[in-house]
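Beneath this line is the structure, given in structure tokens, with notes to follow.
Quick note: numbers below take in every heavy atom, side chains included, and nothing from hydrogens, waters or symmetry partners. When a ligand or atom number is given, it counts from 1 through the structure's own listing order. Being a predicted model, the structure only gives us computed values, none of them experimental.
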Amino acid sequence: MPSKDTHEHNSHQSRLASVGQIAAGIAHEVRNPLTAVKGFLQLLQKQSPHTYLDIAQAELDNAITTLQNLLNISKADSEEEQPVKIHLCAELESLLNLFQDQIYRVTIEKKFEDAEVSITGKRNQLKKAFFNILKNAFEAIEGQGTIKIHHYIQDELVYVTISDTGVGIPKERIDLLGTPFYTTKSEGTGMGLAYVFSTIYQHNGRIEIESEEGKGTTFKFIFPMEMPMDKGVERMDLHYESDIDLQGFFDLNKQEFERYLLQEVVNLQEILDEIKTVGGIDLLANAHHLAALVIDNREPEVINFAQLEGKFWAQHSTLNIEVKLEWFQAFRRILWHFIYNFTRLSGSDYKMDDFFKMEYRINITLDIFLRHFFTSYTTFKDEMIKTHREMIDDLSVPLIPLTSSVFILPLLGTIDTHRAKAIQEKMLHQIETHKIRSLIIDMSGVVYLDTMVVQHLFKILHGVSYMGCTAIITGIRAEIANTMVNLGISLNDRIETKGTLQQALEELGLQITNT
Ligand code: ADP
Ligand code: MG
């Protein structure tokens, strides 16, 4: 429901927009004769140089620049720009990169909610407008400060607010904002906001400004949201040359492909960067590669590629499989958008039959990719889990040599049947290879042993003694001793028990010297 306030805003904006339009019209008429004058001045300068001519030229250049600025407000050439789908969060993100040199003094707080929604508009124009707003915000802040950017939807409208903790604007001046040449800066042109107002107005948007002197300013932009339902395939602003094939079309629009793809997954941006730095995977390069393989229907290579990628993702625990899936789905959507735009621009009208054949072929190939990716991913993940387990098993049986024939095995933690088996294998193997004569098994760190395991352990010890090795068990805790008694476990002359590790070492003639 448009309130009175809104109405006033709109009329204010349309007034400003038409002021801009008229100014631009005049500028256009005046600029041409001035350019001619400049040419004649240059000719004169060649014939008979004079310092006055230099001054005249410099002043003329100033005037032409001013007119050019004015013209930019409703620049004719930007009208040629095709409206496209725009994700404002992605655009704002890329604009902020241009202010990198300022972040040491201005903190940026971004809150990009509902980043997946889009609006329809002229991308470059909107970017320029937001650039002006951000530039003003940075300029309004003297020294340290904060700029907050909030993107969200409410009542099917897209909101962007940009707040700064800058100097603010006096109340009575707020209505002047957007008037061409209105500036309070010594180097200002007063063209920025005029351009912003006319651009936002052309996009059926609204601007609300709140400001308090000494506190800061908030610009609120409100746009109609692009309705996802009535969209289907998307009309994109892409390059085309006559007679190129689909692959040529992809090559020609490489940058656009990347841009659209990144826009689709704008909320993955940080993860994608991480994947590139941590995992060393250039997803964009891979996307181009896959697109080429799919278009050419090179199935064996698709399989090969999928397997490699699957392995890669399995090897990097930071690479989340959900991210991959989301990325792949975005890739698939953009691929189809591109195919649609190719047919649109090339004017080729597919027969229904041919279209379905192509559709079938491409989707099958994409499915093949996905299937092989996941098979390879899970195979490698399983294998890695297995080797991890083996490594842990190995680490959990730490056989430490004290002398060439005396080894010690300190057991820690809980011993279950799996671990008992690992101990058995490693112990017997080591006794054989190292010709161990005495093995001290210190159990003071064992937290829990169940009866099954106790039985198993002593079977192992009997095995040890058959190999000519004496086993000395130290640190048997009361509960474990109890279990042994209950089970009627007997020790033979090659299995000894000692109260402490110290005693066992002394028995063997080994001393622990305190340092
Ligand atoms: P310029 O930046 O060249 O001065 P603009 O049209 O971009 O021209 O802005 C016009 C004027 O509006 C500025 O000179 C400034 O006084 C005021 N203004 C715009 N944005 C802000 C802001 N974020 N905080 C305070 N003042 C602002
Ligand atoms: Mg400005």
Taking 4.0 angstrom as the limit and counting only heavy atoms of Thr183, give me the atoms of ligand 1 inside it, by number and element. 1 (P), 4 (O), 14 (O)

Side chains of Gln57 and Asp61: donor-acceptor distance under 3.5 Å anywhere? no

If you scan protein heavy atoms around atom 25 (C) of ligand 1, the nearest is Ile169 CG1, 3.5 Å

Is there side-chain contact between Ile147 and Thr107, with heavy atoms separated by less than 4.5 Å? no

Just need the protein heavy atom nearest to atom 7 (O) of ligand 1, so name the residue and atom and give the distance. Asn136 ND2, 2.8 Å

Mind checking whether Phe219 has an N or O less than 3.5 Å away from an N or O of ligand 1? no

Please verify whether a non-hydrogen atom of Gly190 lies at under 4.0 Å from ligand 1. yes

Does an N or O anywhere in Tyr182 fall below 3.5 Å from an N or O of ligand 1? no

Which ligand 1 atoms does Gly168 reach within 4.0 Å, using its non-hydrogen atoms? 25 (C)

Look at atom 6 (O) of ligand 1 and say which protein heavy atom is nearest, naming residue and atom and giving the distance to 0.1 Å. Leu193 N, 2.7 Å

Ligand 1 contacted by Leu177 (non-hydrogen, < 4.0 Å): yes

How many N, O or S atoms of the protein are nearer than 2.8 Å to the Mg ion (ligand 2)? 1

Is the positively charged end of Lys128 above the ring of Tyr195, judged by distance under 6.0 angstrom from the centroid and angle within 45° of the axis? yes

Salt bridge between Glu309 and Lys324, side-chain N to carboxylate O under 4.0 Å? yes

Would you say that Leu95 contacts Lys127 through its side chain, given a criterion of any heavy-atom pair below 4.5 Å between the two side chains? yes

